[in-house]
Amino acid sequence: MDFIVPVNEMLTDKITKLNNTLIPPGFHGDVRSVRIMQETLSKLIDRLGEQSSTAQNLNRVITTAEKLRNSPDLILYILKDASAKGGKGELIGLLKVGWKHLFLFDEQDKVRQVEPLCVLDFFVLPDYQRHGYGKVLFDHMLKDLNATPKELAIDGPSPKMEQFLRKNYGIQRLIRQNTNFAISPDFFTAFAETSKSGRSTPVVTTSVGRFAAPKPQSVIANVIHGDSGYQETSNGFYRCRQMSRQDSLQHT
Ligand code: ACO
């Protein structure tokens, strides 16, 4: 795909952090050139977002430029290969994060109200996968936001994501929640200890309101005791994931 503005002219750094302004740090120009740059960048982001959703078997696109523009709380990190396209550069990866207000069950099945940093979309072009690019992007985000892997909530982690976290950050398993967000078993400890990335500290809420109602069979207990359909079957997993992502699409 050819674009009016080459990637290397829009993005000076290997990794660029974008927010809803859709203006890369360091980009200068008059109103017209900013508009042209944003149009080009939007197409690139939309294309990468589509590829990400396809790679994850999702039936809706999670990351688009329009969603980013409409969501002041989201941060999108994009990774480029400066040498691609005859030296014009190409976008090869994205990582979208944001803070979400969540009710999460801990391993004792207590509901906690938290606002952790959430990983919402993560993708590296297939030809570039398993070459360390994902880790470079992820590490950059962690450093930039002063966060640790164990305090993150992951929205519908794919099997590749689970392996990525296991290999690179020693997170051996994830605990899936009813909302299909998933957390490390050390999430609450890490979150409480650091409280670096969260905008609120975890609050143990006694079961009130809708949480006082009898719960269906505990997903966490299932995961812990190893008979969860969520974790083991990729079909079931993706079905659950689609529901979760669709439910939260307007927010992500
Ligand atoms: N199969 C199994 N594990 C994989 C694969 C794969 N095809 N690709 C990456 N991994 C895991 C492995 O642990 C791998 O280590 P190994 O090669 O020694 O086995 C490790 O990730 C490699 O780390 P990086 O090279 O740094 O990661 P990469 O550049 O491949 O990026 C990513 C990881 C983003 C998950 C990439 O594989 C990808 O885009 N996958 C498809 C989309 C996807 O599943 N995204 C995550 C969705 S969950 C979410 O967005 C919240």
Side-chain angles (χ1 to χ4, degrees), residues 14-15 18 44-64 67-68 71 73-81 84 90-100 102 104 116-143 145 147-177 179-184 187 197 230-249 251-252:
K14 187 174 174 184
I15 296 176
L18 293 170
L44 286 168
I45 290 168
D46 290 352
R47 172 86 185 113
L48 210 54
E50 273 171 33
Q51 289 173 290
S52 177
S53 288
T54 302
Q56 297 171 61
N57 284 343
L58 303 176
N59 58 8
R60 297 276 296 274
V61 179
I62 305 293
T63 300
T64 66
K67 281 179 190 161
L68 186 63
S71 311
D73 268 359
L74 292 181
I75 299 172
L76 181 69
Y77 295 91
I78 47 178
L79 173 70
K80 74 168 183 179
D81 174 1
E90 183 182 21
L91 282 198
I92 61 164
L94 67 80
L95 174 59
K96 187 170 75 172
V97 298
W99 287 266
K100 300 245 166 241
L102 299 176
L104 299 175
L117 182 62
C118 299
V119 180
L120 303 168
D121 201 4
F122 185 31
F123 175 66
V124 168
L125 286 181
D127 286 351
Y128 288 85
Q129 286 176 21
R130 293 187 122 154
H131 288 83
Y133 291 105
K135 182 160 192 311
V136 167
L137 197 49
F138 214 83
D139 281 347
H140 183 95
M141 176 276 293
L142 292 172
K143 192 170 174 207
L145 300 178
T148 60
K150 289 178 180 170
E151 69 192 76
L152 302 174
I154 318 286
D155 188 5
S158 65
K160 285 184 187 178
M161 180 73 184
E162 291 184 275
Q163 292 202 35
F164 173 87
L165 290 172
R166 193 176 302 129
K167 181 191 170 176
N168 292 316
Y169 302 106
I171 296 176
Q172 295 305 322
R173 68 187 176 95
L174 290 173
I175 300 172
R176 288 178 191 276
Q177 303 282 316
T179 55
N180 214 38
F181 273 89
I183 54 174
S184 149
F187 171 87
S197 66
Y230 283 82
Q231 205 169 25
E232 300 299 333
T233 63
S234 60
N235 283 346
F237 167 74
Y238 279 119
R239 190 170 58 249
C240 292
R241 181 158 192 224
Q242 284 170 14
M243 286 164 60
S244 163
R245 292 287 182 99
Q246 282 172 18
D247 287 349
S248 60
L249 271 176
H251 308 295
T252 58

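Keep in mind that what you see is a predicted model, and the values were worked out from it rather than measured. Numbers for residues simply follow the sequence, beginning at 1. Start at 1 and go down the list; that is how both ligands and their atoms are numbered. Every heavy atom of this structure was used, including side-chain atoms; hydrogens, water molecules and symmetry mates were not.
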[X]: numbered ligand 1 atoms lying under 4.0 Å from its heavy atoms:
X	result
Lys135	26 (O)
Ser158	43 (C), 44 (O), 45 (N), 46 (C), 47 (C), 48 (S)
Asn168	23 (O)
Ile154	51 (C)

Which of these, [options], has its nearest heavy atom closest to [atom]?
atom	options	answer
atom 22 (C) of ligand 1	His131, Arg166, Arg130	Arg130
atom 11 (C) of ligand 1	Phe164, Tyr128, Phe123, Phe122	Phe164
atom 35 (C) of ligand 1	Lys160, Gln56, Lys96, Glu162	Lys160

Going by heavy atoms in the side chains, are Gln56 and Ser53 under 4.5 Å from each other?
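When only atoms from C-beta onward are counted, Ser53 and Gln56 do not touch, as no gap falls below 4.5 Å.
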
Given side chains that start at C-beta, do those of Trp99 and Ile75 come closer than 4.5 Å, heavy atoms only?
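Yes - at least one pair of side-chain heavy atoms lies under 4.5 Å apart.
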
Consider every N or O of [X] and every N or O of ligand 1, then say whether any pair is closer than 3.5 Å.
X	value
Gln129	yes
Pro157	no
Gln163	yes
Val119	no
Gly134	yes
Met161	no

In a table with atom names and distances, give each donor-acceptor pair under 3.5 Å that connects a side chain of residues 136-143 to protein atoms at least two apart or in another chain.
{"unit_1": "Asp139", "atom_1": "OD1", "unit_2": "Tyr169", "atom_2": "OH", "d": "2.6"}
{"unit_1": "Asp139", "atom_1": "OD2", "unit_2": "Lys135", "atom_2": "NZ", "d": "2.6"}

Indicate the atoms forming the closest heavy-atom contact of Pro116 with Phe187, along with that distance.
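Closest approach of Pro116 to Phe187, heavy atoms only: CB-CZ, 3.7 Å.
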
For the [atom1] atom of [X] and the [atom2] atom of [Y], what is their distance to the nearest 0.5 Å?
X	Y	atom1	atom2	result
Ile154	Ile175	CD1	CD1	12.5 Å
Lys96	Phe123	NZ	CZ	14.5 Å
Leu91	Leu44	CG	CG	5.0 Å

Would you tell me whether Thr64 and Asp46 have side-chain atoms, one donor and one acceptor, within less than 3.5 Å of each other?
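Not at all, the side chains of Thr64 and Asp46 share no donor-acceptor pair under 3.5 Å.
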
Using a strict 4.0 Å threshold on nitrogen-to-oxygen distance, state whether Glu162 and Arg176 make a salt bridge.
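Judged by the 4.0 Å cut-off on N to carboxylate O distance, Glu162 and Arg176 do form a salt bridge.
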
